[in-house]
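Here's the structure we're looking at; comments come further down.
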Amino acid sequence: MTSAKRTARVIDISRSLGFNLCGVAPAEEFPELAHLEEWLARGYAGEMRYLHDERRHSPSHVVQGARSVIVCALNYNTSFPYSTGVPDEIAAPNGPRGWIARYAWGDDYHNVLGEKLDALVDALRKAFPEPFELRTYVDTGPVIERVAAKYAGLGWLAKNACLIHEESGSWFFLGVIVTTLELAASLGLADMPAADLCGNCRLCIEACPTSAIVEPYVLDARRCISYLTIELRGAIPAELREPMGRHVFGCDICQDVCPWNHCAPVTALANFEPRRAAQHSFFSPDLEWLVSLTEEKFHEVFRGSPVKRTKWRGLVRNACVALGNSGLRAGEPRYEEIRARLAQLASGGDAMVADHARWALNRLETPAKIPRDLVPRVVPPSEQR
């Protein structure tokens, strides 16, 4: 069997296992990785020390003798509205609501995608009987998946640093298998990666409330709402709290406004539909509920969910900020209950949480409306592609 036929076989197997996209890239130093050191030197990685791993400079550093990187994509988009489509829920009639990023509404993608990659590995062992080494990663190893995906023919790297596929948009998870198996690259020697179709569009850059996209294709993670709500373990910088709006875990804005996502397909997997905990949904969740969770209840509610990564104190910290941005005023539904809970946290034993609770209390007592230029603009149909 030729290496090209082997690659075709890998792709066929991946599709039979439910992956939406699959391609093969050579295990080499991709051109984009040459800029990694400069990006790190600027401090844009923030506290994410794992991004300094030397193995990130090439997939060949991950597995000795690696020849190929199999990249698989799994769609997680659902039919629920985008965050930019429900701005009025910042202060809903029955109390303020928060926002959890779309990818974290359902089951933990590490598990869902990981199980599919394990099944693909088992199938590869049967299809190719010769011995070969491999390692699988789902956002857990020293491989920059989106760059490998570009050279596996799965799309282009957009101005918001996401990978975009012309038909599928950017609502998908990426998993990789770095292997010594000899496979033909999906892009032949005469082929180029997918053309950059961002064009002159700057919607993602202009919509980011914290100005995290400092220039096209360059993200300062320290300003990104996803970083602030998940990766940052300490206090959120005071100047970035108001721009965070109602976000309590991650952010979808730069993908929500992207024209390539306006017709993105919806996943058939129930795993990524919003979970429920009793009467509470992970879609636009009740902020009073979140800020009132005990640590024990947090672990119970978010077991098997990506949200567990932020830990209890991180989620409560974020919910305090979202409540401070809610515009809730005395006399409105749930005001007294929320104020009482924030006061309890403000006098509690966790200094970081207490700081954010005091900030929220001050905002509720002297509320200020979020400036219009910090509210993401919903793209009208006439401007969509």
Side-chain angles (χ1 to χ4, degrees), residues 80-102 104-105 209 225 228-229 236 238 240-252 274-302 305 307 310-350 352-372 374-376:
F80 281 73
Y82 289 176
S83 67
T84 50
V86 283
D88 291 338
E89 290 201 26
I90 293 176
N94 59 345
R97 319 292 290 191
W99 191 265
I100 292 174
R102 180 170 296 263
W105 290 348
I225 292 174
L228 295 170
T229 57
I236 295 170
L240 296 178
R241 295 180 188 181
E242 182 177 309
M244 281 173 55
R246 57 182 166 150
H247 294 88
V248 297
F249 187 89
C251 179
D252 293 322
R275 284 184 170 192
R276 297 194 65 87
Q279 75 272 28
H280 299 288
S281 172
F282 285 20
F283 171 77
S284 196
D286 182 334
L287 284 174
E288 184 187 358
W289 170 57
L290 293 181
V291 83
S292 299
L293 288 172
T294 63
E295 192 165 0
E296 179 181 12
K297 191 65 175 178
F298 168 85
H299 290 295
E300 176 187 330
V301 168
F302 295 106
S305 160
V307 179
T310 194
K311 304 186 184 303
W312 171 82
R313 70 196 301 260
L315 186 66
V316 173
R317 171 200 64 185
N318 301 339
C320 286
V321 172
L323 282 169
N325 289 327
S326 67
L328 189 65
R329 292 169 171 75
E332 294 181 343
R334 318 271 284 281
Y335 177 85
E336 293 301 332
E337 295 89 340
I338 288 171
R339 190 181 182 284
R341 176 55 183 159
L342 288 173
Q344 185 180 24
L345 291 170
S347 61
D350 190 305
M352 184 193 70
V353 171
D355 168 60
H356 292 75
R358 286 192 293 270
W359 182 86
L361 279 171
N362 181 63
R363 297 269 293 181
L364 293 188
E365 291 167 357
T366 55
K369 294 182 72 65
I370 299 176
R372 289 185 60 84
L374 293 179
V375 177

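- Here T294 contributes atom OG1 and E300 contributes atom CD; the two are 8.5 Å apart, rounded to the nearest 0.5 Å.
- Sorted by first and then second residue, the salt bridge (Lys or Arg N to Asp or Glu O under 4.0 Å) pairs involving residues 311-327 (not counting sequence neighbours) are R313-D350.
- With respect to I338, the side chain to side chain contact (heavy atoms under 4.5 Å, CB included) criterion is satisfied by exactly one of L287, L328, L361, V291: L328.
- With R241 contributing its side chain and I236 its backbone, the two residues share a donor-acceptor pair below 3.5 Å.
- The nearest pair of heavy atoms linking A357 to A346 is CB-N, 3.7 Å.
- Two rings, from W105 and F282, have their centers 6.0 Å or more apart.
- Summarising the geometry of I225 relative to P209, their closest heavy-atom pair is CD1-CG, 4.1 Å, with the distance given to 0.1 Å.
- Atom CG of N318 and atom OG1 of T310 lie 5.0 Å apart (nearest 0.5 Å).
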_Is there a side chain to side chain contact (heavy atoms under 4.5 Å, CB included) between W312 and E296? Walk through the geometry before answering._
CA-CA 9 Å; W312 171 82; E296 179 181 12; over 6 Å; no
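- The aromatic ring centres of W99 and F249 sit 6.0 Å or more apart.
- Nearest heavy-atom pair across S281 and W289 is O-CZ3, 4.4 Å.
- Between R246 and S284 the shortest heavy-atom distance is NH1-OG, 4.2 Å.
- Residue pairs meeting the side-chain hydrogen bond (donor to acceptor under 3.5 Å, both in side chains) criterion with at least one partner in residues 333-348, sequence neighbours excluded, are D286-R334, E288-R334, R339-E365, R341-Q344.
- H356 places a side-chain N or O within 3.5 Å of a backbone atom of M352 that can act as its donor or acceptor partner.
- The two residues V248 and T229 come nearest to each other via the heavy atoms O-CB, 3.9 Å.
- In this structure, the separation between CZ on F302 and CZ on R275 is 9.5 Å, given to the nearest 0.5 Å.
- Considering every non-hydrogen atom in both I100 and D252, the closest pair reads O-OD2, 4.2 Å.
- In this structure, F298 CZ and S292 OG are separated by 14.5 Å, a value rounded to the nearest 0.5 Å.
- Proximity of a side-chain donor or acceptor of N362 to a complementary backbone N or O of R358 within less than 3.5 Å is not detected.
- Looking only at side-chain heavy atoms (C-beta outward), W359 and C320 stay at 4.5 Å or farther from each other.
- Each of R363, H247, E242 was scored for a side-chain hydrogen bond (donor to acceptor under 3.5 Å, both in side chains) with N325, with one residue passing: R363.
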